[in-house]
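Everything on this sheet refers to the single structure shown next.
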Amino acid sequence: MEVALLSFSSSLSPLCHQRISTVTPKTSNSPNYPRLPVIRSAVSRNKKEETVEAVKSHLENCHLLAAINYKGLTVKQFQDLRRTLPDTTKLIVAKNTLVFKAIEGTKWEALKPCMKGMNAWLFVQTDEIPSAIKPYRSFQKERKLEDNDFAGAVFEGKFYAPDNFKVLETMPTRAEVYAKLLGALQSPAINLVSTLQAPAIEVIMVLKAYIKKLEDESNA
């Protein structure tokens with residue numbers, strides 16, 4: 001907030017800056033002189049609103065939202081981490097209260113168990129979930145940041161705790177889904193039944209891939 005305040009007042013004279021920074025100016029003849037609006041509070045409120053709107057914009061076309069334990073990461077580590085991420089992912093640091101305000105009433109509200117501690121927020125805007133998560137896992141391992149693990153994530157409206165992340169990290173890629181789908185359709189019926197008895201998340205991926213394949217063929 002200090003940055004926003006300084007940029008707002010940098011063009012003012014030192015005297016004006018001193019007066020704006022005074023929270024409760026009074027005169028000797030008016031001991032009950034009313035308080036002036038606090039510029040710092042106005043800037044803070046605007047920044048909070050901007051953060052909430054930024055979170056909402058990142059949620060557009062978002063397939064997965066994950067919380068990462070941010071405590072202990074240096075500014076340089078955070079910048080280095082951002083550079084390792086693909087264009088389909090966004091990483092921001094925001095207060096839990098502001099993030100929850102943005103996701104409240106949506107399917108992302110399932111992330112509520114993560115609303116504690118200091119978090120960085122990973123927005124995955126692709127259905128290739130494993131490849132989106134892998135860069136952070138590699139960064140975490142290289143920098144020995146065991147304490148900076150995923151605090152949780154929401155995918156398809158379901159909450160995944162840290163000990164359940166293996167499900168997300170081992171999801172089949174789109175190419176693997178296509179291969180599995182085509183193999184099932186071209187094989188005896190028992191293989192198709194086996195595919196449909198797979199974990200629900202895999203079946204969903206298979207069906208989505210098949211629908212997309214049909215759409216692509218019709219558009220062609």
Side-chain angles (χ1 to χ4, degrees), residues 1 3-4 47-48 50-103 106-179 201-202 204-205 208-209 212:
M1 300 306 161
V3 174
K47 294 299 290 184
K48 289 179 180 178
E50 289 173 8
T51 299
V52 172
E53 291 305 312
V55 171
K56 289 182 178 179
S57 68
H58 287 321
L59 289 175
E60 296 177 8
N61 302 318
C62 187
H63 291 260
L64 178 143
L65 174 58
I68 298 174
N69 185 358
Y70 177 69
K71 187 176 182 179
L73 280 179
T74 66
V75 173
K76 184 179 186 306
Q77 285 175 326
F78 186 75
Q79 292 172 341
D80 291 343
L81 170 58
R82 269 184 163 172
R83 283 192 285 268
T84 68
L85 300 177
D87 294 337
T88 53
T89 61
K90 309 294 180 187
L91 184 67
I92 69 170
V93 174
K95 289 184 176 181
N96 298 330
T97 52
L98 300 181
V99 173
F100 187 74
K101 185 175 181 180
I103 67 176
T106 72
K107 63 181 180 181
W108 306 107
E109 190 174 352
L111 204 63
K112 189 174 182 179
C114 295
M115 299 299 162
K116 53 188 177 182
M118 294 177 61
N119 292 309
W121 305 92
L122 186 72
F123 299 79
V124 177
Q125 296 171 331
T126 174
D127 56 7
E128 296 285 359
I129 305 302
S131 61
I133 295 176
K134 187 176 180 180
Y136 181 72
R137 281 298 191 210
S138 299
F139 181 86
Q140 182 187 27
K141 185 177 181 179
E142 290 171 3
R143 305 300 178 94
K144 298 180 179 179
L145 301 172
E146 291 82 3
D147 293 336
N148 298 101
D149 201 359
F150 286 102
V154 169
F155 174 70
E156 299 286 352
K158 178 182 177 182
F159 177 73
Y160 290 81
D163 57 359
N164 213 13
F165 249 70
K166 198 69 176 177
V167 176
L168 298 173
E169 295 177 275
T170 57
M171 286 177 57
T173 64
R174 187 182 291 112
E176 290 170 342
V177 169
Y178 280 143
I201 193 169
E202 292 188 21
I204 290 173
M205 292 291 290
K208 281 187 174 181
K212 186 177 186 304

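All residue numbers in this chain count up from 1 along the given sequence. In this text the structure is predicted, and so the values were computed from the model without any measurement.
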For this session: Could you tell me whether a side-chain N or O of Gln140 sits under 3.5 Å from a main-chain N or O of Leu145, the two making a donor and an acceptor?
Result: yes

Exercise. Are Ile92 and Val55 close enough that some pair of their side-chain heavy atoms sits under 4.5 Å apart?
Worked result: yes

Exercise. So, Lys47 and Glu50, do they make that salt bridge, N to O below 4.0 Å?
Worked result: yes

Exercise. Can you check whether Ile103 reaches Lys112 side chain to side chain, under 4.5 Å on heavy atoms?
Worked result: no

Seminar exercise, completed: Note: Leu122 and Leu85 closest approach over all heavy atoms is CD1-CD1, 4.0 Å

Exercise. Taking Asn119 for the side chain and Cys114 for the main chain, is one N or O donor matched with an acceptor at less than 3.5 Å?
Worked result: yes

For this session: Check whether any side-chain heavy atom of Asn148 lies under 4.5 Å from a side-chain heavy atom of Phe139, and answer yes or no.
Result: no

Exercise. At their closest point, which heavy atom of Ala120 faces which heavy atom of Phe78, and how far apart are they?
Worked result: CB-CE1, 4.2 Å

Exercise. Looking at NZ of Lys101 and CG of Asn96, how far apart are the two atoms once the value is rounded to the nearest 0.5 Å?
Worked result: 15.0 Å

Exercise. Say you draw a straight line from CZ of Phe155 to CH2 of Trp108; how long is it, rounded to the nearest 0.5 Å?
Worked result: 8.5 Å

Problem set entry | Trp121 side chain vs Ala94 backbone, donor-acceptor pair below 3.5 Å | yes

Exercise. Atom CG of Leu91 and atom CZ of Arg83: how far apart are they, to the nearest 0.5 Å?
Worked result: 12.5 Å

Problem set entry | Contact check, side chains of His63 and Ile129, non-hydrogen atoms, under 4.5 Å | yes

For this session: Could you pull out the closest heavy-atom pair between Pro113 and Lys116, with the gap in Å?
Result: O-CE, 3.5 Å

For this session: Taking the side chain as every heavy atom from C-beta outward, state whether Leu73 and Ile68 have any atom pair closer than 4.5 Å.
Result: no

Problem set entry | Inter-residue atom distance Lys48.NZ - Thr97.OG1, 0.5 Å rounding | 7.0 Å

Seminar exercise, completed: In terms of heavy-atom contacts, Thr89 and Ala132 come closest through CG2-CB, 3.7 Å

For this session: Determine whether Glu142 and Thr84 make a side-chain contact, defined as any pair of heavy atoms from C-beta on separated by less than 4.5 Å.
Result: no

Exercise. Taking all atoms of both residues into account, what is the closest heavy-atom pair of Glu169 and Pro130, and its distance?
Worked result: O-CB, 3.5 Å

For this session: Check Phe165 against Ala66 and note the closest heavy-atom contact, atom names and distance.
Result: CZ-CB, 4.5 Å

Problem set entry | Audit row: Ile133, Phe150, side chain to side chain contact (heavy atoms under 4.5 Å, CB included) steps and yes/no | CA-CA 10 Å; Ile133 295 176; Phe150 286 102; 3.7 Å; yes

For this session: Could you grab the distance from atom NZ of Lys56 to atom NE2 of His58, nearest 0.5 Å is fine?
Result: 14.0 Å

Seminar exercise, completed: Interatomic distance, CD@Glu128 vs CE@Met171, rounded to 0.5 Å, equals 8.5 Å

For this session: Report yes or no: is the cationic atom of Lys158 (NZ for Lys, CZ for Arg) under 6.0 Å from the centre of the six-membered ring of Tyr160, at an angle within 45° of the ring normal?
Result: yes

Problem set entry | Minimum side-chain heavy-atom gap Arg137-Asp149 below 4.5 Å | yes

